[in-house]
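To keep things clear, I will list the structure first and then write my remarks on it.
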Amino acid sequence: MNDWRIYRGASHPHDEVRRLPPPPPWRDFSSGGPDDTLAGSDRRLGVRRRLVQNHHPRPAETDAVNAALYLRRPLLVTGNPGTGKSTLAHAVAHELGLGRVLRWPIVSRSTLQDGLYRYDAIGRLQDVQLERARADAGGTAASPAGIGSYLRLGPLGTALLPSELPRVLLIDELDKSDLDLPNDLLNALEEGEFAIPELERLADREPVVDVLTDDGRKVPVREGRIRCTTFPFIVLTSNGERDFPAALLRRCIRLELEPPGEEQLGAMVEAHLGSEAAAAEPGLVARFLDREPGEVIATDQLLNALYLTRHAPRTERVTRERIADMLMQPLDQPR
C-alpha cells in the first residue's frame, strides 16, 4: 500500500489503526512483564544490546566512569539533549552486571524526601478507621497492618541499602529541580546514610521493620536507619540549563558529553533499527552529522526520522523530506 498514513482526517471511522507496524524499539513497552527489571534498559540500549557491544565510548567517558567507580563519587554528566547521558547509566549497569537501573526523574517539585522514602500516613489512618468501623458494626476486625506496609523507599533510598555490589542510580535532569534540591542531596551523597524518623520513634518496640523498596521487594530496616555498605554508582544528568553549587560539584566527577560522532552514531542506529537503516536514508545521517555548529538536534530525533521514513518508502520524495523536516527541527531555534 502506497499510503503510509493511518489517520487521514476523513471524519469517517475505520479500522486502519490495525495496520500500525510494530513500535520503534525505544518505544516498545510490550516486552517483559512486571518481573522483567531490565525492560527499561532494553529500550535504552537497543533490542539486541548492540549499542554496548559495538559502541566504543570516548576515552574521556570511560575515564570518568572508572574514576567515579574507584572514588565512590557521583558522576555528573552534562550535554545537549540526545547525547546519551541517561544511556550511560544503563550501559554501565549492563556491562558490569549490576541489575536494574534505579531511575529518579527530577521535576520542579521534586524533593529529597521523594528520592529517599514516602510514608503514607493518610492511608494508614484510613485503614485504621475502616477496621474500627467494621468492629463497631459487629464484624471481625482484622489486625492492623504494621507501619512497614505504608513505607516505600524511593530510588535513592533503595540505592543506599546495604549490598555486596553497587546499585546503579540515575538522577535524571537535575537541572530541572528547584534551587534547594542540589544542596539537600549533599549529606546523603557524602555520608551514604539517612534516617526514617517514623521508624526511629518505634525502634524500642520494633527494632526491625520490613519496608517496600523501589524494586517492589521487602527489606528489613533496623532501628530506623539505612546505611550503604557499598556506595552506589550514581549518574546525575543535566542539560546545562543552570549552574550547580560548588559544594555539589566538588563531590562529583564531572563529564561533558559531546554529540556522537560518525562511529558512535552508526552503532546507535544499528542497535535500534538494524544495519540497513542508515544505508536506506544516508541523507538523514549526513544531515545530522553536517548540522551547523551549535545547532542542537537530538539523536532520538534522527532515530524517529529514520524509523518513520522507512515505513513510508513508496511515498513521494517531497513527502519523506517533509516528514524528516518535521522530526528534525533544531531544539534551540524557536519557531
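Hydrogens, waters and symmetry mates are skipped; everything else that's a heavy atom, side chains included, is used. Values in this document were obtained by computation on a predicted structure and should not be read as measured data.
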What is the distance from atom [atom1] of [X] to atom [atom2] of [Y], rounded to the nearest 0.5 Å?
X: Glu61; Y: Glu258; atom1: CD; atom2: CD; value: 9.5 Å
X: Phe244; Y: Cys252; atom1: CZ; atom2: SG; value: 9.0 Å
X: Arg222; Y: Glu206; atom1: CZ; atom2: CD; value: 14.0 Å
X: Asn187; Y: Leu112; atom1: CG; atom2: CG; value: 9.0 Å
X: Leu236; Y: Ile171; atom1: CG; atom2: CD1; value: 5.0 Å
X: Ile196; Y: Leu116; atom1: CD1; atom2: CG; value: 8.5 Å

Check: [X]/[Y] side-chain N/O donor and acceptor closer than 3.5 Å:
X: Arg217; Y: Thr158; result: no
X: Asp114; Y: Thr111; result: yes
X: Tyr150; Y: Glu198; result: no
X: Asp178; Y: Ser108; result: no
X: Glu173; Y: Thr237; result: no

Restricting to non-hydrogen atoms, name the atom on [X] and the atom on [Y] that form the minimum distance, rounded to 0.1 Å.
X: Thr83; Y: Pro259; answer: CG2-CA, 3.9 Å
X: Pro21; Y: Tyr307; answer: CG-OH, 3.7 Å
X: Gly240; Y: Asp175; answer: N-OD2, 3.4 Å
X: Phe288; Y: Ala298; answer: CE1-O, 3.7 Å
X: Glu241; Y: Lys176; answer: OE2-NZ, 3.6 Å
X: Ser177; Y: Pro182; answer: OG-CD, 3.6 Å

So, the side chain of [X] versus the backbone of [Y]: is there a donor-acceptor pair under 3.5 Å, distance only?
X: Gln329; Y: Met326; result: yes
X: Arg152; Y: Thr213; result: yes
X: Ser238; Y: Leu174; result: no
X: Lys85; Y: Gly79; result: yes
X: Glu321; Y: Asp325; result: no
X: Glu223; Y: Ala203; result: no

Side-chain touch [X]/[Y], heavy atoms, less than 4.5 angstrom:
X: Leu161; Y: Cys228; answer: no
X: Asp215; Y: Leu102; answer: yes
X: Pro74; Y: Val235; answer: no
X: Leu302; Y: Leu265; answer: yes
X: Asp210; Y: Val221; answer: no
X: Leu160; Y: Phe194; answer: yes
X: Thr78; Y: Leu255; answer: no
X: Asn80; Y: Ile297; answer: no

Please say yes or no: joined through hydrophobic side-chain contacts below 4.5 Å, possibly via intermediate residues, are [X] and [Y] part of one cluster?
X: Leu249; Y: Leu189; answer: yes
X: Leu125; Y: Leu130; answer: no
X: Val211; Y: Val208; answer: no
X: Ile226; Y: Leu212; answer: no
X: Leu170; Y: Leu165; answer: yes

Counting only heavy atoms not in [X], do more than 12 fall under 6.0 Å of its [atom1]?
X: Arg225; atom1: CZ; result: yes
X: Leu179; atom1: CG; result: no
X: Arg254; atom1: CZ; result: no
X: Arg291; atom1: CZ; result: yes

Quiz item: Given Leu156 and Leu185, is the side-chain contact (heavy atoms from CB on, under 4.5 Å) satisfied, shown in steps?
Solution: CA-CA 10 Å; Leu156 176 56; Leu185 283 168; 4.0 Å; yes
Exercise. Please lay out, stage by stage, how Leu248 and Leu186 fare under the test side-chain contact (heavy atoms from CB on, under 4.5 Å).
Key: CA-CA 6 Å; Leu248 176 69; Leu186 296 179; 4.0 Å; yes
Donor-acceptor pairs under 3.5 Å, side chain of residues 64-73 to any protein atom, not counting sequence neighbours: which ones?
residue: Asn66; atom: ND2; partner: Thr62; partner atom: O; Å: 2.7
residue: Arg72; atom: NH1; partner: Tyr70; partner atom: O; Å: 2.9
residue: Arg73; atom: NH1; partner: Glu190; partner atom: OE1; Å: 3.0

Quiz item: Would Ile253 and Leu76 satisfy side-chain contact (heavy atoms from CB on, under 4.5 Å), going step by step from the backbone distance to the final call?
Solution: CA-CA 6 Å; Ile253 306 299; Leu76 175 59; over 6 Å; no
Exercise. Begin with the C-alpha distance, continue with both residues' side-chain angles, and end with the deciding distance and a verdict on salt bridge (charged side-chain N to carboxylate O under 4.0 Å, His left out) for Arg167 and Asp214.
Key: CA-CA 12 Å; Arg167 291 298 303 267; Asp214 188 67; over 6 Å; no
Exercise. I would like to know whether Arg19 and Ile6 meet side-chain contact (heavy atoms from CB on, under 4.5 Å); could you show each step before the answer?
Key: CA-CA 7 Å; Arg19 260 202 316 121; Ile6 301 298; 3.9 Å; yes
